[in-house]
Amino acid sequence: MESKIIWSTYTFMLLVLCSCAAAYDALDPNGNITIKWDVISWTPDGYVAVVTMNNFQMYRPIMRPGWTLGWTWAKYEVIWAMMGAQATNQGDCSMFKGNIPHSCEKKPEIVDLLPNTPYNQQIANCCKGGVLASMGKDPSAALSAFQIAVGSAGTTNRTVQLPKNFTLLAPGGGYTCGPAKIIRPTLFITADGRRTTSAMMTWRVICTYSQFLASPSPTCCVSLSSFHNGSITPCPSCSCGCRNSSNCVMKTPSGKGVNVPKAVLRCTKHMCPINVHWHVQSNFKNHWSVKVTITNFNYRFNYTQWTLVVQHPNLNNATQVSSFSYMPNLSTNDTALFYGRKSYNDVLMQAGAKGNVHSDLTLEKDGKTIALKKGWPFPRRVYFNGNLCVMPSPKSYPYLPNSAGNK
């Protein structure tokens, strides 16, 4: 058992370090969050800009409580006003008389407004509570925007100094943002398509994700089973940390205030917030089937806009997928994206009776499909919300005999 744990831990760390040391994801090589500032007008002491945030990551969403964008002003800039977002702190604006800026912070932190914000404080694509879908799931919901009026700043494209030291929390860490770079001004086309205007100036910031920076420990694990065998191959012990008396609870926490325990995870041997279970249900001559179950062991956290990515050579031949939405050939023909259906199961509820979602998959065999043996029916890799999950050792897989269930 100890050797299996060590193998799983080393394998996970090697995969994460190799892919994330430079924030590179082999399954999503172009994935990033791009932040673009478009100066749309000059003011007597600064400018007005529209800031857009595009989540170009194919399968990594931004969940509640949403994104927080920060930067450091180059000089003594202030934020006079905002629409579609707000600074979390006003800072010291005592030097101003009469009109008081929205924020005088040297290092402002900006958050999205909530969906019920009055319309006169909104702009297009704002006010989603900081929640962004992944590009692979819903490109129209992978965009956020706000408008900002900046004062005590340059008033031409030669005198403006770009903000620096950008940070992005989405909602936790893991993102590293590069410097702002001036690019060709954005062109805007009117709704009737008959007129084009240009931004006065445009700069862009690119933020990339590293799973290791986000969490040195894994956040999900995979367990396996098959129809011919009553035993289950569980997640490796201590997959996401080892259990102790203070980091988990045996039952649903109740109460408020000082009596609420700090730990929010259900006590398990693997101690992962998320468990993905892959169960081979049947094996016939022309097809085979799988049941996928995602279970949330966190008592205080709902996973909004969740995504599941599975790597398996037969996933390009899924003929039926129940409950989940399905996108094959995510980056290669052996990788598929799964996600919940809106207003049905696109939110994975906190641990408890409703803290799971599941889907039944039917996969058609082709001439290249080998017999379901030697671990072939089990996934190669599994990602939940873009994070690589810990897999059991191949030696522990519940192997299927050649003749098991063939019909």
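Just so you know, residue 1 is the first one in the sequence shown, and it goes up from there. Model, not experiment: these values are computed from the prediction.
The backbone N or O of Glu364 sits less than 3.5 Å from a side-chain atom of Asn314, completing a donor-acceptor pair. Side-chain atoms of Asn54 do not come within 3.5 Å of backbone N or O of Phe56 as any donor-acceptor pair. At distances below 3.5 Å, not a single donor-acceptor pair connects side-chain atoms of Asn296 with backbone N or O atoms of Gly355. A distance-only check finds a donor-acceptor pair linking the side chain of Asn385 to the backbone of Thr307 [under 3.5 Å]. Judged purely by atom type and a 3.5 angstrom limit, Lys106 uses its side chain to pair as donor or acceptor with the backbone of Lys75.
Checking Thr202 against Asp38 by side-chain atom types alone, a donor-acceptor pair falls below 3.5 Å. A donor-acceptor pair shorter than 3.5 Å cannot be found between the side chains of Tyr47 and Asn157. Checking Thr319 against Thr362 by side-chain atom types alone, no donor-acceptor pair falls below 3.5 Å. For the 3.5 Å distance criterion, the side chains of Lys365 and Asn283 qualify, holding a donor opposite an acceptor. Between the side chains of His277 and Thr295, not a single donor N or O lies within less than 3.5 Å of an accepting N or O.
Between Gly136 and Met327 the shortest heavy-atom distance is O-SD, 3.4 Å. A pairwise comparison of heavy atoms in Leu27 and Tyr383 identifies CD1-CE1, 3.2 Å as the closest pair. Smallest separation of non-hydrogen atoms from Cys220 and Phe384: SG-CB, 4.1 Å. Across every non-hydrogen atom of Ala214 and Gly173, the tightest pair is CB-O, 3.6 Å. Contact record, Arg204 with Ile206: NE-CD1, 4.2 Å, taken as the closest heavy-atom pair.
Here the options are Asp138, Asn32, Leu132, the test is side-chain contact (heavy atoms from CB on, under 4.5 Å), and the partner is Asn55; only Leu132 passes. The only member of Tyr339, Tyr344, Trp306 that meets ring-ring contact (aromatic ring centres under 6.0 Å, His included) when paired with Phe324 is Trp306.
Between His312 and Trp376, some side-chain heavy-atom pair lies under the 4.5 Å cut-off. When side chains are defined from C-beta on, Ser322 counts as touching Ser359, because their heavy atoms get closer than 4.5 Å. Residues Ile274 and Leu348 form a side-chain contact, since some pair of their non-hydrogen atoms from C-beta on lies under 4.5 Å apart. Between Ile33 and Tyr209, the closest side-chain pair of non-hydrogen atoms is not below 4.5 Å.
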Requested in this report: Take Ser396 and Ser393, measure what side-chain hydrogen bond (donor to acceptor under 3.5 Å, both in side chains) needs, and give me the verdict at the end.
Outcome: CA-CA 6 Å; Ser396 65; Ser393 165; 5.0 Å; no
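Lys137 forms no cation-pi arrangement with Phe338, by the criterion of a distance under 6.0 Å to the ring centre and an angle within 45° of the ring axis.
Cys pair Cys207 and Cys177 passes the test of SG atoms under 2.5 Å apart.
In this structure, the ring of Trp278 has its center no less than 6.0 angstrom from the ring center of Tyr397.
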